[in-house]
Asks: 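Below you'll find the structure I mean.
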Amino acid sequence: MLTDSDLQAIWLTTRLAGITTVILLLVGTPIAWLLARSRSWWKGPLGAVVALPLVLPPSVLGFYLLLAMGPQGPVGQLTASLGLGVLPFTFWGLVVASSFYSLPFMVQPLQNAFESIGERPLEVAATLRASPLDTFFSVVLPLAKPGFITAGVLTFAHTVGEFGVVLMIGGNIPGVTRVASVQIYDHVEALEYADAHRLAAVMLAFSFTVLLAMYLRRPKPTRGD
Amino acid sequence: MKCLITLILSLLAVVTAHADEVQVAVAANFTGPMQVISVLFERDTGHKASLSYGSTGKFYAQIVNGAPFQVLLAADDETPAKLIKEGKTVAGTAFTYAIGKLVLWSADPKLIDAKGEVLKKGGFKHLSLANPKTAPYGAAGLQVMSKLGVADAIKPLIVQGENISQTHQFISTGAAELGFVAYSQVIKNGTIGSGSGWIVPANLYDPIRQDAVLLAKGKDKPAAVALMNYLKGEKALAVIKSFGYELR
């Protein structure tokens, strides 16, 4: 039913979303921890920066990323001097862009999860002489597990749904930057509605399933007290 | 409270186009000249022109699906012809308003030589091209590369712009070293304004005849009819020519 190029786009999208999720798990966790625990004045500004992609139009993000990662931009000059070339129109360019774009979807659920743990378990762990790192892995991680699952699923799904930023820095290269959403746009533009329908239906089914799974495994409110 | 209610009411107010306003779909390559022409048009006729820029293919899809455009300035003659066949236009109104020129262009002043040999020599990582499926200048660029026998070698290096404006943007930011754009996008005082470029000889691609057509929604609309006439007038033609287009 799906053509080879559709499958290629789906596989590319999956890879992009998977890698982005892993990177954001590593980067987002410490940020969320800082935001949840710190009482410093920069907590506000940091939180605002993290949330920016929620409100910024993808065109703004795409525009700045294109300038920054291009050969004249600071990131572009850095990657070029490291022998990595420049990032626009490459798969890893999309990974970098997606990591910015999906950052709040990782950080905010984690921050909520960390905040809801409260001080008490950490203090108990400290009195038992657990090191901060030990506390994190044997107390915080298990308690925050639902938060991690939510954050991971949302980040993955949100990256799959990315469109505007990819359009602006991707260059629509089959197998490299032509993700499913761009492929659908291409089909629609060329009036290939039958092709667009096939892939769009897959995306719709995927998104619904992911969200349904998340809502189903939410704890149900208990009656009374 | 009063302020808030006023604000909400004003947000709810239906935005109606003026009776003497014409909605124009403009092929992205014609953005520059049309901005100039619309100012002259408004001054000379008192009508207003509301301009939307994009790829001709996208406009086709939008018009077929009921977009409110009254005039289409396409980047080709096939799209208006298709619309005429499908009864989406006012019969007998189509005409060629400009013949486009293709340029191989780079922001780097030294990259492109006077004969476009760079296409054969290579030495670049990305060549920016408008989506050939929807943008006539993209299709023309592809044709040039085929005629020069370099299409297969360059295909893996192609990055597609969604329309000719994005294609130009990829090159001007340096993200792609070079690419095919419309001469009108890079012309300044009758020559290529910055970087380096090669005006592709006309025998390497089919002429890009850009047709204008009065759409069904513009039927009997004074502003739309006035614009169609204005585009044939001396002032508009001078602007079109100054942007490097050939006239019919």
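Just so it is clear: chains get the letters A, B, ... in the order the sequence lines come, proteins before strands, and each one is counted from 1. Treat the numbers as computed from the prediction; the structure is a model and nothing was measured.
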Asks: Between the side chains of B/Y60 and B/E78, does any donor sit under 3.5 Å from an acceptor?
Replies: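 There is no such pair between these side chains.
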Asks: For B/D108, which atoms come within 4.5 Å of any heavy atom of chain A: side chain, backbone, both, or neither?
Replies: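 For B/D108, no heavy atom lies under 4.5 Å from chain A.
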Asks: Give, as side chain, backbone, both or neither, the part of A/Y193 having an atom under 4.5 angstrom from any heavy atom of chain B.
Replies: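 A/Y193 touches chain B through side-chain heavy atoms alone.
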Asks: If I measure from the heavy atoms of chain B, does A/M69 come under 4.5 Å with its side chain, its backbone, both, or neither?
Replies: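 Answer is neither: A/M69 stays 4.5 Å or more from chain B.
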Asks: If I measure from the heavy atoms of chain A, does B/L129 come under 4.5 Å with its side chain, its backbone, both, or neither?
Replies: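 Neither part.
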Asks: Is it the side chain or the backbone of B/K58 that comes within 4.5 Å of chain A heavy atoms, both, or neither?
Replies: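 Its backbone and side chain both get close to chain A.
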Asks: Please check if the side chain of B/S128 supplies one atom and the backbone of B/T167 the other of a donor-acceptor pair under 3.5 Å.
Replies: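 Side chain of B/S128 to backbone of B/T167: a pair is present.
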Asks: Does B/Q143 use its side chain to pair, donor to acceptor, with the backbone of B/D206 at less than 3.5 Å?
Replies: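 Yes, because the side chain of B/Q143 sits within donor-acceptor range (under 3.5 Å) of the backbone of B/D206.
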Asks: Looking only at heavy atoms and a cut-off of under 4.5 Å, which of A/T177, A/L87, A/V176, A/D186 has the most pairs with chain B?
Replies: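 The option with the most such pairs is A/D186.
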Asks: Looking only at side chains, do A/W92 and A/T90 share a donor and an acceptor under 3.5 Å apart?
Replies: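 Judged by distance alone, the side chains do not pair up.
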Asks: Are there over 12 heavy-atom neighbours, none belonging to B/K133, within less than 6.0 Å of that residue's NZ?
Replies: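 Above 12, so yes.
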Asks: Is B/T173 in contact with chain A via its backbone, its side chain, both, or neither, using a 4.5 Å heavy-atom distance?
Replies: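 Backbone plus side chain of B/T173, per the 4.5 Å heavy-atom cut-off to chain A.
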Asks: What part of A/L67 lies closer than 4.5 angstrom to a heavy atom of chain B: side chain, backbone, both or neither?
Replies: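 Contact with chain B: side chain only.
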Asks: Between B/N29 and B/Y245, is there a side-chain donor-acceptor contact under 3.5 Å, judged purely by atom types and distance?
Replies: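 B/Y245 vs B/N29: donor-acceptor pair found between side chains.
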Asks: Which bit of B/S55 is near chain A, if near means a heavy-atom gap under 4.5 Å: side chain, backbone, both or neither?
Replies: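 Contact with chain A is through the side chain of B/S55 alone.
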Asks: Is it the case that A/T159 and A/S98 place a side-chain donor and acceptor less than 3.5 Å from each other?
Replies: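 Absent: no donor and acceptor within the cut-off.
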